[in-house]
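Quick notes on the structure that follows.
Each chain gets a letter, A, B and so on, in the order its sequence line appears, and its residues count up from 1. Keep in mind that this is a model prediction, so the values were computed, not measured.
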2 protein chains.
Amino acid sequence: MKPDKNLLSGSTTLLILSLLSGGDMYGYEMIAQLEARSDHTFTLREGTLYPILHGLENKKAVTSYEKESPSGRKRKYYHITRKGLRLLDEKKAEWQVFSEKVNAIVTGAAGAMA
Amino acid sequence: MKPDKNLLSGSTTLLILSLLSGGDMYGYEMIAQLEARSDHTFTLREGTLYPILHGLENKKAVTSYEKESPSGRKRKYYHITRKGLRLLDEKKAEWQVFSEKVNAIVTGAAGAMA
DNA sequence: AATTATACCTCGATTATCTAGGTATATTAT
DNA sequence: ATAATATACCTAGATAATCGAGGTATAATT
């Protein structure tokens with residue numbers, strides 16, 4: 001079992017929206033960006049990403065449009081909406097609280113006992 | 001959908017072993033401790049905890065023994081083994097790398113673009 | 001005496017991710 | 001030219017972690 005797989009669970013939406021907050025991006029690119037920016041710590045799979053993008057589009061957190069690459073290949077770009085930015089803020093806040101609490105328990109474990 | 005539920009996924013073992021590294025503890029107590037120490041951020045359910053404890057015992061990361069409470073109720077205490085401490089170190093390292101990379105992407109999203 | 005809290009447990013449902021397929025087009029290698 | 005690889009999208013079924021809801025048993029409270 002890859003250990004990261006489960007840690008990733010729950011933060012994928014946060015990561016995707018974070019990427020999109022920096023500019024429009026297409027799916028394949030997001031996978032490469034996450035891989036690169038995390039130094040290969042997480043590898044989001046296509047089977048995970050595309051359904052999530054469709055879900056985000058359904059709830060109007062992102063919109064999409066097609067654009068051809070210079071070489072002529074079709075790409076589907078995603079753009080974060082105002083609603084998506086609000087969602088991002090929520091996810092960010094959640095993540096910050098969560099990671100803070102985990103750190104508190106992990107680092108405080110030795111000193112918290114009598 | 002409770003948002004924490006999925007963030008929690010993957011860090012439960014880390015949290016449990018962290019608690020046990022501070023001293024022996026019984027299941028019901030762990031749930032209360034996690035709730036208290038995280039300021040109600042995560043609530044580990046019994047249906048989640050007990051199977052994990054049994055799994056950790058199977059892989060010799062913890063041992064268990066029964067002890068009666070002052071009032072006479074039976075409690076099953078868990079004790080972290082040397083192997084469990086090694087596992088804890090691994091999980092800690094994983095968590096640190098993971099949370100660091102998430103933070104990098106979340107906070108760097110705006111500035112990383114051209 | 002009945003209800004609530006403590007303390008353990010398990011099974012089936014839910015949900016997120018992955019694996020493994022599929023389609024189509026462009027690039028690179030032979 | 002042709003085959004193989006890389007890009008780019010997609011979905012369905014398998015896998016895995018958590019939860020919900022139940023169960024048992026005993027102590028404390030009402």
task: Could you check B:Tyr78 against B:Tyr65 for side-chain contact (heavy atoms from CB on, under 4.5 Å), going step by step and ending with a plain yes or no?
output: CA-CA 7 Å; B:Tyr78 288 88; B:Tyr65 56 94; over 6 Å; no
For [N], does either OP1 or OP2 sit under 4.0 Å from a side-chain N or O belonging to [X]?
| X | N | value |
| --- | --- | --- |
| B:His54 | C:dT10 | yes |
| A:Lys74 | C:dA26 | no |
| A:Tyr28 | D:dC9 | no |
| B:Arg75 | C:dT6 | no |
| B:Thr48 | D:dC19 | yes |
| B:Tyr26 | C:dA7 | yes |
| B:Thr12 | D:dA17 | no |

message: Can you work out whether B:Glu46 or B:Ile52 has the more 5'-proximal nearest nucleotide on DNA chain D?
response: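 First, find each residue's nearest nucleotide; the 5'-ward one identifies B:Ile52.
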message: Is the terminal nitrogen or CZ of B:Lys76 (NZ for Lys, CZ for Arg) located under 6.0 angstrom from the six-membered ring centre of B:Tyr26 and within 45° of that ring's axis?
response: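 Judged by the rule (NZ or CZ under 6.0 Å from the ring centre, within 45° of its axis), B:Lys76 is not positioned above B:Tyr26.
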Rounding to a whole Å, what distance do you find between [X]:[atom1] and [N]:[atom2]?
| X | N | atom1 | atom2 | value |
| --- | --- | --- | --- | --- |
| B:Lys67 | C:dA7 | NZ | C1' | 15 Å |
| A:Leu53 | D:dC9 | CG | P | 9 Å |
| A:Leu8 | D:dA16 | CG | P | 17 Å |
| B:Leu44 | C:dC9 | CG | C1' | 15 Å |
| A:Leu7 | C:dC18 | CG | P | 12 Å |
| B:Lys76 | C:dC9 | NZ | C1' | 9 Å |
| B:Arg45 | C:dC8 | CZ | C1' | 17 Å |
| B:Leu49 | C:dC8 | CG | P | 9 Å |

- prompt: What is the nucleic acid contact for B:Glu29, judged by heavy atoms within less than 4.0 Å: base, sugar-phosphate only, or nothing?
  reply: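 If one applies the 4.0 Å heavy-atom cut-off, B:Glu29 turns out to touch nothing in the nucleic acid.
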- request: Using a heavy-atom cut-off of under 4.0 Å over every strand shown, decide if A:Gly47 touches base, sugar-phosphate, or nothing.
  value: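 Base, at least one base atom sits under 4.0 Å.
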Distances for protein N or O near nucleotides 24-28 of chain D N or O, under 3.5 Å:
residue	atom	partner	partner atom	Å
D:dA27	O4'	B:Arg73	NH2	2.9

- request: Would you please test B:Glu46 and B:Tyr28 for side-chain contact (heavy atoms from CB on, under 4.5 Å) and show each step?
  value: CA-CA 8 Å; B:Glu46 300 182 29; B:Tyr28 209 76; 3.8 Å; yes
- prompt: Among D:dC10, D:dG20, C:dC9, which is the nearest nucleotide to the side chain of B:Tyr78?
  reply: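 Per side-chain heavy atoms of B:Tyr78, the pick is C:dC9.
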message: Are B:Phe42 and B:Thr12 packed together at the side-chain level, in the sense that at least one heavy-atom pair is separated by less than 4.5 angstrom?
response: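 No; the side chains remain at least 4.5 Å from each other.
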Pair A:Leu7-B:Leu7, side-chain contact (heavy atoms from CB on, under 4.5 Å): steps then yes or no: CA-CA 7 Å; A:Leu7 280 174; B:Leu7 280 174; over 6 Å; no
Distance-only check: which donor-acceptor pairs under 3.5 Å involve side-chain atoms of residues 80-88 of chain B, not counting sequence neighbours?
residue	atom	partner	partner atom	Å
B:Thr81	OG1	B:Lys60	O	2.7
B:Thr81	OG1	B:Ala61	O	3.0
B:Thr81	OG1	B:Lys83	N	3.3
B:Thr81	OG1	B:Gly84	N	3.0

- request: Ignoring hydrogens and angles, tell me if any N or O in the side chain of B:His40 forms a donor-acceptor pair with the backbone of B:Ala36 under 3.5 Å.
  value: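 No; judged by distance alone, with no hydrogens or angles, the pair does not exist.
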- request: Report the C-alpha separation of A:Leu14 and B:Ile105 in whole Å, then their side-chain angles, then the decisive distance to 0.1 Å, and conclude whether the side-chain contact (heavy atoms from CB on, under 4.5 Å) test is met.
  value: CA-CA 9 Å; A:Leu14 168 66; B:Ile105 287 167; over 6 Å; no
